[in-house]
Amino acid sequence: MKSELSSLWKHSRKLGRRLPFALLASSLAVGCGQPAPETSETPAPSAPQADSSAQAVDPSGNLEAALNTVTDEDDVVPDRPVVESLFAIPQGAASKATAAVFELKLDAKRAQNEQFRGQTLTMLDGAQQLLFRDDGQGGDPVAGDLLFLASGTFDFVALQAEQQRITQAQSQSQEPLTTAVFEGRELVRTVPVTALSTQFPVGQRVPIRPIGLATLVDPARSLIIRAPSVVGDPTRTWNPCTNVGNPNGKWTFNYLMTEMANQPFTGVAPSTFVREWLRQWEAPKTVNTFTSPPRGNIVTKLVNPWPKVGGALDLTKSPMMLLAVVNRLDLAGNNPAYGSGRAGEGRFIFAATEGTGTACHTVPFLVILEYGVDKNDCVSIKTYAQQWQALSSLPLGSASYNAALEALTEQFARRDLSPRKPNRSSINQVRTNENWLLNPWELREFRLWNNTINPASFASPGPVLGLLNSHTVAQTPDRVTKNTLFPSYVNANVPPIVALPPTYTVPLAWSTGAFRGGRAIVTSTFANPANPPFWSQPPATIPNRQARHVFSLNTCDGCHGDEIGTPFTHVNQVGGLSPFLSGPLTVPDRADGSPTRTFNEVLGRQTFLDQVANQSCLTLSFLSSSAAVH
């Protein structure tokens, strides 16, 4: 049975489709994202079965029935309103549950808001459901003016505490406080922040404002954690070059893949789970009719040197070295690219190693484990955000810090946390980013499967229960469509591409053929204007240049292939960050030279984390930027 999701918005004409918690987060990422299920395509009743030796085995013989009882949530995202302002009007003295009237104004300049004119909207704030009306009934004086009214209660005591927090932060800052505003992934402005009066007289319109104080979040402690004292913690990690550490530690490749395989449930041994995953590079893989060529030297480079026990991979001596632990709370909620996480994603980034002793080193074969965080109500998500922000006040790499971080990662990495998903694992997808095996640079994506999921986006002959299977890459067409289906698709879908938030999902097929690819590659040099590594066609072919940019940026090979002026990796094999993840980045349009856009990925993540951890859930109604796929 589907769980009842905590939601912010439910369009009254789309009963049964709910948008969990965040309307959505700022659009910021390392690694590709997750498209919504292919609901427009016809799902097969079951996937073809692969070789029986690769099948998960259950002594009872009921494994397939058990796995297939899992039900995925409906990840289709309804259009969302773009909010201009929100006020709470107290009807009594300030308390934790003061009776209030709410005024919600939608932005009349946004064409997508027209569908909500004269309708009703439902917003959930914790356990409270607010019915906003623009239909001229229930206290709404004028129907169809995009000013929605609702009655309920509001926690003015928490609002008072938030103003005191702002005042304290200002007193400790040498610079005026500001909060950042993003549209998509682009930083459009910063807004001065001043505390409201903590006196809220009856009848006064009190603004409910989205404010995130980025300076109160340390990215190195709470967002992208790469400190050697953390990723080299000998009680939680294993160093394959020095053979130092705990081979069963909670941040080792061994532990994480063992939990993902979940042998007590699937019957799949962890060593088999990993070996079958690596086998997918050894032969051609056809995904959505597109063939990914083999990279068979994975056997000589990775499989053969991997220590064995009785012929099986010894995961306790895995050659994978941890580079980073990444908090992706900003990916919270359903949107065109992500759907499984209710509190965004938690990620581990590993690099393969080669050599022994002093010659051992990491290589450009990166593996990113991307977990959905299955929390679905305001209180639990806020608590989770507060735990991440609390890391900013602990000494980086200290015993207390590492224990607190482990407590966070165990909320998504342990087995059996997501009974509705394949293997009962919270994993959304596993991605690889490498040119160690072969040129060109290549990204691949792998997912678990059960037969509630359309198998068409997996490699043929079909996905295997219990194992990681090759899958299409998110929001990214195959390169062979660049001169044909790509411009046709963009031109036909300009409104959903440029909308805030974007509402498109790159489909498996478009027009006359297959579209979404089974891998993303960067084949050309960055200096080749005739064949750039991002997605581009001249203005005569794609007239709307913003649509071209947004589409390209939201592809794997666009984001990693110079659409934002960065190298192919955003976190490289030694843990170094790209300019995109290193602070403000101003980039002229890569195809046309103008306009110039400003990005600040880390600032956006800081802002969002502070907002979720400290403000009313109602402020999330302002967040109209859908999470991009990287």
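Remember, it's a predicted structure, so these values are computed and weren't measured experimentally. Index from 1, following the sequence.
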For this session: Might you work through the side chain to side chain contact (heavy atoms under 4.5 Å, CB included) test for Leu213 and Leu177, ending with a clear yes or no?
Result: CA-CA 8 Å; Leu213 302 181; Leu177 287 185; 4.3 Å; yes
Exercise. Quick one: are Val191 and Val181 in side-chain contact, heavy atoms under 4.5 Å?
Worked result: yes
For this session: Report the C-alpha separation of Thr98 and Ser95 in whole Å, then their side-chain angles, then the decisive distance to 0.1 Å, and conclude whether the side-chain hydrogen bond (donor to acceptor under 3.5 Å, both in side chains) test is met.
Result: CA-CA 5 Å; Thr98 302; Ser95 69; 3.0 Å; yes
For this session: Apply side chain to side chain contact (heavy atoms under 4.5 Å, CB included) to Leu329 and Phe608, showing your working.
Result: CA-CA 8 Å; Leu329 178 73; Phe608 185 73; 3.9 Å; yes
Exercise. Side chains of Lys421 and Asn450: is there a donor and an acceptor less than 3.5 Å apart?
Worked result: no
Exercise. With a 4.5 Å limit on heavy-atom distance, are the side chains of Arg185 and Phe580 in contact?
Worked result: yes
Problem set entry | Pair Glu445-Arg447, salt bridge (charged side-chain N to carboxylate O under 4.0 Å, His left out): steps then yes or no | CA-CA 7 Å; Glu445 180 173 321; Arg447 297 195 196 181; 2.8 Å; yes
For this session: Give me the one residue out of Val83, Asp135, Leu104 that meets side chain to side chain contact (heavy atoms under 4.5 Å, CB included) with Phe148.
Result: Leu104
For this session: Ignoring hydrogens and angles, tell me if any N or O in the side chain of Ser425 forms a donor-acceptor pair with the backbone of Ile427 under 3.5 Å.
Result: yes
For this session: Report the relative orientation of the aromatic rings in His471 and Phe458; use parallel for angles under 30°, tilted for 30 to 60°, perpendicular for over 60°.
Result: perpendicular
For this session: Check Trp535 against Thr555 and note the closest heavy-atom contact, atom names and distance.
Result: CD1-OG1, 3.3 Å
Exercise. Does any N or O in the side chain of Glu601 come within less than 3.5 Å of the main-chain N or O of Leu581, such that one atom is a donor and the other an acceptor?
Worked result: no
Exercise. Can you tell me if Ser418 and Ser426 form a side-chain donor-acceptor pair at under 3.5 Å?
Worked result: yes
For this session: Among residues two or more places apart or on two chains, list those pairs meeting salt bridge (Lys or Arg N to Asp or Glu O under 4.0 Å) that have a residue in residues 542-551.
Result: Arg545-Asp592, Arg548-Glu563, Arg548-Asp589
Exercise. At what distance, to the nearest 0.5 angstrom, does CG of Asp610 lie from OG1 of Thr179?
Worked result: 8.0 Å
Exercise. According to the interplanar angle, ranging from 0 to 90°, do the rings of Phe486 and Phe551 count as parallel (below 30°), tilted (30 to 60°) or perpendicular (above 60°)?
Worked result: tilted
Exercise. Is a side-chain donor or acceptor of Asn491 paired with a backbone partner of Thr541 at a separation under 3.5 angstrom?
Worked result: yes
Exercise. Can you check whether Trp388's main-chain N or O pairs, donor with acceptor, with Ser222's side chain at less than 3.5 Å?
Worked result: yes
Problem set entry | From Gln160 atom CD to Arg165 atom CZ, the distance as rounded to the nearest 0.5 Å | 15.5 Å
Exercise. Please walk me through it: do Thr481 and Tyr489 pass side chain to side chain contact (heavy atoms under 4.5 Å, CB included)?
Worked result: CA-CA 10 Å; Thr481 70; Tyr489 178 81; over 6 Å; no
For this session: Mind listing the closest non-hydrogen atom pair of Thr476 and Cys556 along with its distance?
Result: OG1-N, 2.8 Å
Problem set entry | Atom of Val494, atom of Ala547 and distance for their closest heavy-atom approach | CG2-CB, 4.2 Å
Problem set entry | Under 3.5 Å donor-acceptor, Glu186 side chain and Phe182 backbone | no
Seminar exercise, completed: By side-chain contact (heavy atoms from CB on, under 4.5 Å), Ala214 pairs with (sequence neighbours left out) Leu603, Gln606, Thr607
Exercise. Can you tell me if Glu345 and Asn327 form a side-chain donor-acceptor pair at under 3.5 Å?
Worked result: no
For this session: Considering non-hydrogen atoms only, spot the tightest contact between Glu114 and Arg117 and give its length.
Result: OE2-NH2, 2.8 Å
Exercise. At what distance, to the nearest 0.5 angstrom, does CZ of Phe102 lie from CD1 of Ile208?
Worked result: 5.5 Å
For this session: Kindly compute the distance separating OG (Ser151) from CG (Leu149), expressed to the nearest 0.5 Å.
Result: 7.5 Å
Exercise. Does a donor on one side chain sit under 3.5 Å from an acceptor on the other, for Gln611 and Thr619?
Worked result: yes
For this session: Please work out whether the ring planes of Phe599 and His549 are parallel, tilted or perpendicular, with thresholds of 30° and 60°.
Result: tilted
Exercise. Heavy-atom distance under 4.5 Å between the side chains of Phe515 and Val506, does that happen here?
Worked result: yes
For this session: Would you kindly say whether Lys482 and Gln537 are connected by a side-chain donor-acceptor distance under 3.5 Å?
Result: no
Problem set entry | Heavy-atom pair with the smallest gap, counting every atom of Lys96 and Val157 | N-CG2, 3.7 Å
Exercise. So do Trp510 and Thr512 actually touch side chain to side chain, heavy atoms under 4.5 Å?
Worked result: no
Problem set entry | Side-chain touch Phe116/Pro81, heavy atoms, less than 4.5 angstrom | yes
Exercise. How about Thr598 and Leu585: do any of their side-chain heavy atoms sit closer than 4.5 Å?
Worked result: no
Problem set entry | Validation row: Glu162, Leu196 side chains within 4.5 angstrom (heavy atoms) | no
For this session: Can you measure from CG (Leu609) to CG (Leu216) and round to the nearest 0.5 angstrom?
Result: 10.0 Å
Exercise. Would Gln411 and Gln387 count as having a side-chain donor-acceptor pair, cut-off 3.5 Å?
Worked result: yes
Problem set entry | Donor + acceptor pair across side chains of Arg516, Thr472 (<3.5 Å) | yes
For this session: Could you list the residues that satisfy salt bridge (Lys or Arg N to Asp or Glu O under 4.0 Å) with Asp145, not counting sequence neighbours?
Result: none
Exercise. Taking the six-membered ring of Phe87 as reference, does the NZ or CZ atom of Arg205 fall below 6.0 Å from its centre and within a 45° cone about the axis?
Worked result: yes
For this session: Check whether any side-chain heavy atom of Thr122 lies under 4.5 Å from a side-chain heavy atom of Gln129, and answer yes or no.
Result: yes
For this session: Determine, step by step, whether Asn614 and Gln386 satisfy the side-chain hydrogen bond (donor to acceptor under 3.5 Å, both in side chains) criterion, reporting the C-alpha distance in whole Å, the side-chain angles of both residues, the deciding distance to 0.1 Å, and the verdict.
Result: CA-CA 8 Å; Asn614 296 284; Gln386 290 169 345; 5.5 Å; no
Exercise. Looking at Thr289 and Ala514, what are the two nearest heavy atoms and their distance?
Worked result: OG1-CB, 3.3 Å
For this session: Output the distance between atom CD1 (Ile166) and atom OG (Ser173), rounded to the nearest 0.5 Å.
Result: 13.0 Å
For this session: Answer yes or no: is there a donor N or O on one side and an acceptor on the other, between the side chain of Asp134 and the main chain of Leu146, under 3.5 Å?
Result: yes
For this session: Give the C-alpha distance, both sets of side-chain angles, the deciding distance and a yes or no for salt bridge (charged side-chain N to carboxylate O under 4.0 Å, His left out) between Arg110 and Glu183.
Result: CA-CA 13 Å; Arg110 301 290 187 182; Glu183 291 186 356; 3.5 Å; yes
Problem set entry | Pair Asp125-Gln128, side chain to side chain contact (heavy atoms under 4.5 Å, CB included): steps then yes or no | CA-CA 5 Å; Asp125 181 24; Gln128 176 183 212; 4.1 Å; yes
